[in-house]
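Remember, it's 1-based here, ligands and their atoms both numbered in the order they're listed. Here, residue 1 is the first one in the sequence, and each next residue gets the next number.
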Amino acid sequence: MGFNYERPYEKRIAETMETAPDSWKEQFWDCVKDLAEHPVVLRMKLYPHHGNSTCYQHCLNVAYHNYCLCRFLRLDYVSAARGGMIHDLFLYDWHTHAAQTGDHFHGLTHPAAALKNAKKFFELNRIERDCIINHMWPVTPLQIPRTKEGWIITLTDKYCGARETSVRG
Ligand SMILES: [Fe+2]
Ligand SMILES: [Fe+2]
């Protein structure tokens with residue numbers, strides 16, 4: 001998986017995965033591997049996100065939590081994992097974005113930016129598109145999830161974001 005054990009959050013996620021059944025871990029990586037190793041997706045490693053995490057690590061965390069929760073709930077865990085892996089593919093550092101572009105509404109605009117980038121490089125199904133464009137609800141009150149997997153990512157995104165923000169070091 002390529003986790004960096006020196007970083008507390010990645011260590012914790014890696015440990016969480018240790019407790020998952022082996023078949024689930026391998027199948028998770030099979031679900032997202034082509035996305036996670038794509039050069040455009042790898043660019044997210046350049047951009048810091050919450051706490052010490054990068055956009056890439058955050059997306060990987062969300063993808064994994066989507067996968068586990070949706071698999072447990074017998075939903076489409078493949079699409080949920082894939083949507084999670086690229087849900088924040090906006091490709092800029094949001095900490096400096098407003099100063100550089102004048103866009104002071106990153107929180108509202110980045111799902112559309114991520115979907116535009118994702119569509120450019122990948123074939124997306126309805127659930128994957130829903131996960132990307134509606135993951136910020138209720139911050140974006142008019143962008144309401146249309147699928148069960150889309151509702152799940154509104155939770156996993158905030159959960160992972162909060163955990164990443166709380167881990168320093
Ligand atoms: Fe986001
Ligand atoms: Fe996110």
Between the side chain of [X] and the main-chain N/O of [Y], is any donor-acceptor distance below 3.5 Å?
X: R146; Y: D130; value: no
X: T101; Y: H97; value: yes
X: H65; Y: V62; value: no

Review point. Strictly under 2.8 Å, is any N, O or S atom of H87 next to the Fe ion (ligand 1)?
Key: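 No, outside the cut-off.
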Review point. Does K158 NZ have over 12 foreign heavy atoms under 6.0 Å away?
Key: yes
Review point. Would one find an N, O or S atom of H49, in either backbone or side chain, under 2.8 Å from the Fe ion (ligand 2)?
Key: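 No - counting backbone and side chain alike, H49 has no N, O or S atom under 2.8 Å.
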Exercise for review: State whether H58 contributes an N/O/S atom found under 2.8 Å from the Fe ion (ligand 2).
Suggested key: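 Of the N, O and S atoms in H58, at least one lies under 2.8 Å from the Fe ion (ligand 2), which means yes.
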Check your understanding: Can you name the N, O or S atom of D157 that is closest to the Fe ion (ligand 2)?
Key -> OD1
Check your understanding: Given Y92, which of H106, H110, Q100 fulfils the side-chain hydrogen bond (donor to acceptor under 3.5 Å, both in side chains) condition?
Key -> H106
Check your understanding: Closest to the Fe ion (ligand 1), which N/O/S atom of D88 is it?
Key -> OD1
